[in-house]
There are 2 protein chains.
Amino acid sequence: MQAALLDRTFHALSDPTRRAMVQRLSRGPASVSELAKPLAISLPAVMQHLQVLEGSGLVRSEKTGRVRTCSVEPKMLTLAEHWIAERRAQWERKLDRLADYLDATASENDNAKEESK
Amino acid sequence: MQAALLDRTFHALSDPTRRAMVQRLSRGPASVSELAKPLAISLPAVMQHLQVLEGSGLVRSEKTGRVRTCSVEPKMLTLAEHWIAERRAQWERKLDRLADYLDATASENDNAKEESK
DNA sequence: CCAATACTTAAGTATATACTTAAGTATCAT
DNA sequence: ATGATACTTAAGTATATACTTAAGTATTGG
């Protein structure tokens, strides 16, 4: 039932600017203008991306004085990572079962190999 | 320089219908109508989602006779998974270094503990 | 052959995104 | 107090998404 959270998290990660922001923040906290500095877009645009990131839970921020400091929230990274890992694991188990089946079938049609061991 | 690929992959995963399709395909190949059956949308809509999934490389499909069979392409799952895992790992290394620094600082200011052992 | 099946294409609509510029509002330094 | 700093809000625009229905095109079973 965390579908909406995954929607927001994957959507947040689907934009190169936002991934750049996450990448920067994974090296440690930063202010909004530090985040904006390497980006070729206006500050309001950075704010909007930041809102998307915060809306997904990937990033948190707190304002002290006139500076807003942003940091990565690793829980959401883990949630997204796990969703993918589970699909991949399921696909790999499926592959393994297929391989087993093919092995079994092969040794039925070619039992010399099994009996010769 | 695989930014565009990551864009497309995360975007593909940001929609619950497409995630449902990937989830179904991670259990094994399926035809377009098998994919559509549990979904409450029209077949053309399913086709459009399929095109997004194929465009990202998450899914491949092949038509034989009048049936198109779709299957997961795990390479792209792995690519997306790795991008996230690397950011998380970087964040965790950063945390570790911070912990080390705090430990070192603590033992400087409170050397009784270290010397009493 | 011809009708059912399994997609496929086309066209239209409504909403959401990713920006922009202009005009704010608090803080901070002097 | 006042100018500079660091955001923040508002409003507008252009493009992209996620659907829909209607009308195709190949395949296949009888």
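All figures in this text were calculated on a predicted structure; none of them were measured in a lab. Lettering follows sequence order; numbering is per chain, from 1.
In terms of phosphate contacts, B:Thr17 brings no side-chain nitrogen or oxygen within less than 4.0 Å of OP1 or OP2 of D:dA18. Residue A:His49 places at least one side-chain N or O closer than 4.0 Å to OP1 or OP2 of C:dC19.
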Anything under 3.5 Å between a protein N or O and an N or O of nucleotides 8-10 of chain D, put it in a table, one pair a line.
unit_1, atom_1, unit_2, atom_2, d
D:dT8, OP1, A:Lys63, NZ, 3.0
D:dT8, OP1, A:Arg68, NE, 3.1
D:dT8, OP1, A:Arg68, NH2, 2.9
D:dT8, OP2, A:Arg68, NE, 2.9

Enumerate the protein-to-nucleotides 1-5 of chain D contacts in which both atoms are nitrogen or oxygen and the separation is below 3.5 Å.
unit_1, atom_1, unit_2, atom_2, d
D:dT5, O4', A:Arg66, NH1, 3.4
D:dT5, O2, A:Arg66, NH1, 2.8

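The closest side-chain heavy-atom distance from B:Trp83 to A:Arg19 is below 4.5 Å.
The structure places OG of A:Ser71 at 12.0 Å from CG of A:Leu58, a figure rounded to the nearest 0.5 Å. Taken from OG in B:Ser31 to CZ in B:Arg66, the straight-line distance is 11.5 Å, to the nearest 0.5 Å.
Ion pairing of A:Arg68 with A:Glu62 is absent here, as no side-chain N (NZ or NE/NH1/NH2) approaches a carboxylate O to less than 4.0 Å.
When distances run from any side-chain atom of B:His11 to the nucleotides D:dC19, D:dA18, D:dC7, the shortest one goes to D:dA18.
B:Val67 and B:Leu39 fall into different hydrophobic clusters, where Ile, Leu, Val, Met, Phe, Trp and Tyr residues are linked whenever their side-chain heavy atoms come under 4.5 Å apart, directly or through other members. Linking ILVMFWY residues whenever their side-chain heavy atoms come closer than 4.5 Å, directly or via other members, leaves B:Val22 and B:Val52 in distinct clusters.
When A:Lys94, A:Arg88, A:Gln90 are each tested for a side chain to side chain donor-acceptor pair (under 3.5 Å) with A:Glu92, only one passes: A:Arg88.
Residue B:Cys70 comes nearest to B:Val32 through the heavy atom pair SG-CG2, 4.3 Å, listed as atom of the first residue, atom of the second, then distance.
Atom CG of A:Leu13 and atom P of C:dT17 are 15 Å apart (whole Å). Here C:dC7 presents its P atom at 10 Å from NZ of B:Lys37, a figure rounded to the nearest Å. If you measure from atom CG of A:Asp7 to atom P of C:dA16, you get 13 Å, rounded to the nearest angstrom. Regarding A:Arg8, its CZ atom lies at a distance of 15 Å from the C1' atom of C:dA16, rounded to whole Å. Here the C1' atom of nucleotide C:dA16 and the CZ atom of A:Phe10 are 20 Å apart, to the nearest Å.
In this structure, B:Arg93 is not positioned above the aromatic face of B:Trp91 in the sense of NZ or CZ being under 6.0 Å from the six-membered ring centre and within 45° of the axis.
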